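All remarks here apply to the structure that follows.
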There are 2 protein chains.
Amino acid sequence: MINVRDKKLIQKFGYHLRELRTSAGFTQEQLANDADIPINQVGRIERGEINPTLSTLNALSRALNKTLPQLVDFPVSVE
Amino acid sequence: MINVRDKKLIQKFGYHLRELRTSAGFTQEQLANDADIPINQVGRIERGEINPTLSTLNALSRALNKTLPQLVDFPVSVE
DNA sequence: TATTATAAACACATATATGTGTTATTATGC
DNA sequence: GCATAATAACACATATATGTGTTTATAATA
């Protein structure tokens, strides 16, 4: 069972990914195709429903023409 | 079933994590305690056996006093 | 209204990450 | 040799990510 902190983390990443995707002018379908992952997976990640793995993050970064560090460069709560 | 590319990715990350941990002078047990994850998990990640999730990566980065982008800043094959 | 594009929301199976144990191995020091 | 520390290597249960499919919702546009 995922805890509150992790829930917030994946939600924040979801918003971040959506921002990167829309800024790049991609639809979910385009991103999914380029990253070679199911379109549903993209939607679930953007909505903060799932906790993506390293390999999925890497695939997304490649599709967005970014490095992995760039992809995960988003504000994480410190507390 | 994980593919060859992803297998290489998580192996490289495993080496990288081990390098960060030993450079910081931590044992697997210390890192596991600080990150609040099982020690076995740390070993499996370092050996490239598993594909860690975003929340696990975040926990490791915190325990290593690094940012998430810093933690995942390792050479990824381009091909 | 009807059509199209986009995204959300479902269901479901399967692979696997996580979490908890225990035991074995590999050093390193006495 | 014997201990101790550190890591590896198992087994196992459970939660969940992935992957595939279908259906619904929403918005824009003709």
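For clarity, every value in this text was computed on a predicted model and none was experimentally measured. Letters go in sequence order (proteins before strands), and every chain restarts at 1.
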Quick one, give me the B/S/- string for nucleotides 4-11 of chain C, reading 5' to 3', where B means a protein heavy atom under 4.0 Å from the base and S means that only happens at the primed atoms, P, OP1 or OP2.
--SSSBB-
Test ring pair (Phe, Tyr, Trp, His ring centres under 6.0 Å) applied to B:F74 - qualifying residues, sequence neighbours left out
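Partners of B:F74 under the ring pair (Phe, Tyr, Trp, His ring centres under 6.0 Å) test: B:F13, B:H16.
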Spacing of [X] atom [atom1] and [Y] atom [atom2] [to the nearest 0.5 Å]:
| X | Y | atom1 | atom2 | answer |
| --- | --- | --- | --- | --- |
| A:R18 | A:I45 | CZ | CD1 | 11.5 Å |
| A:K66 | A:L71 | NZ | CG | 9.0 Å |
| B:I10 | B:R47 | CD1 | CZ | 12.0 Å |
| A:N3 | A:K8 | CG | NZ | 10.5 Å |

If you define the side chain from C-beta out and look only at heavy atoms, does anything of B:Q70 sit under 4.5 Å from B:L64?
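No, every pair of side-chain atoms sits at 4.5 Å or beyond.
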In the structure I gave you, are the side-chain heavy atoms of A:L68 and A:L54 within less than 4.5 Å of one another anywhere?
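With C-beta onward as the side chain, the pair touches.
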Go through the steps to decide whether B:R5 and B:L9 satisfy the test side-chain contact (heavy atoms from CB on, under 4.5 Å), and finish with yes or no.
CA-CA 6 Å; B:R5 166 185 284 176; B:L9 174 76; 5.6 Å; no
Could you state the [atom1]-[atom2] distance from [X] to [N], rounded to the nearest angstrom?
| X | N | atom1 | atom2 | value |
| --- | --- | --- | --- | --- |
| A:N58 | D:dT18 | CG | C1' | 16 Å |
| B:D6 | C:dA17 | CG | C1' | 14 Å |
| B:I45 | D:dA9 | CD1 | P | 16 Å |
| A:L54 | C:dT16 | CG | P | 15 Å |
| A:I50 | D:dT20 | CD1 | C1' | 14 Å |
| B:N3 | C:dA15 | CG | P | 15 Å |

Is any side-chain nitrogen or oxygen of B:T53 closer than 4.0 Å to OP1 or OP2 of D:dT16?
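No, no such contact exists.
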Side-chain N,O (B:Q41) to OP1/OP2 (C:dG19) below 4.0 Å:
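B:Q41 to C:dG19 OP1/OP2: no side-chain N or O under 4.0 Å.
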Give the intermediate values and the outcome of side-chain contact (heavy atoms from CB on, under 4.5 Å) for residues A:D6 and B:T53.
CA-CA 10 Å; A:D6 290 344; B:T53 61; over 6 Å; no
Every protein N/O within reach of nucleotides 24-30 of chain D N/O, cut-off under 3.5 Å:
none

What pattern of brackets, bars and dots sums up DNA chain D from 5' to 3', given Watson-Crick or G-U wobble pairs under 3.5 Å, [ ] for crossing pairs and | for another strand?
||||||||||||||||||||||||||||||
Candidate list A:L60, A:L57, A:V72, test side chain to side chain contact (heavy atoms under 4.5 Å, CB included), partner A:L17, passing option
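Filter result, single survivor: A:L60.
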Using a 3.5 Å distance criterion without hydrogens, assess whether the side chain of B:R21 forms a donor-acceptor pair with backbone atoms of B:F26.
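It does hold such a pair.
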Extract all donor-acceptor atom pairs below 3.5 Å that involve side chains of residues 29-38 of chain B and protein atoms in other chains or at least two apart in sequence.
from, atom 1, to, atom 2, distance (Å)
B:Q30, OE1, B:T27, N, 2.9
B:N33, ND2, B:E29, O, 3.4

Same hydrophobic cluster for A:Y15 and A:L20, using side-chain heavy-atom links shorter than 4.5 Å among ILVMFWY?
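They do not share one cluster, since no chain of ILVMFWY contacts under 4.5 Å joins A:Y15 to A:L20.
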Which residue, A:I2 or A:I37, contacts DNA chain D at a nucleotide closer to its 5' end, judged by nearest heavy atom?
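Result: A:I2.
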If I compare all heavy atoms of A:T67 with all of A:S61, which pair ends up nearest, and what's the gap?
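Scanning both residues completely, I find the closest heavy atoms to be O-CB, 3.7 Å.
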Filtered N/O pairs between nucleotides 27-30 of chain C and protein, under 3.5 Å:
none

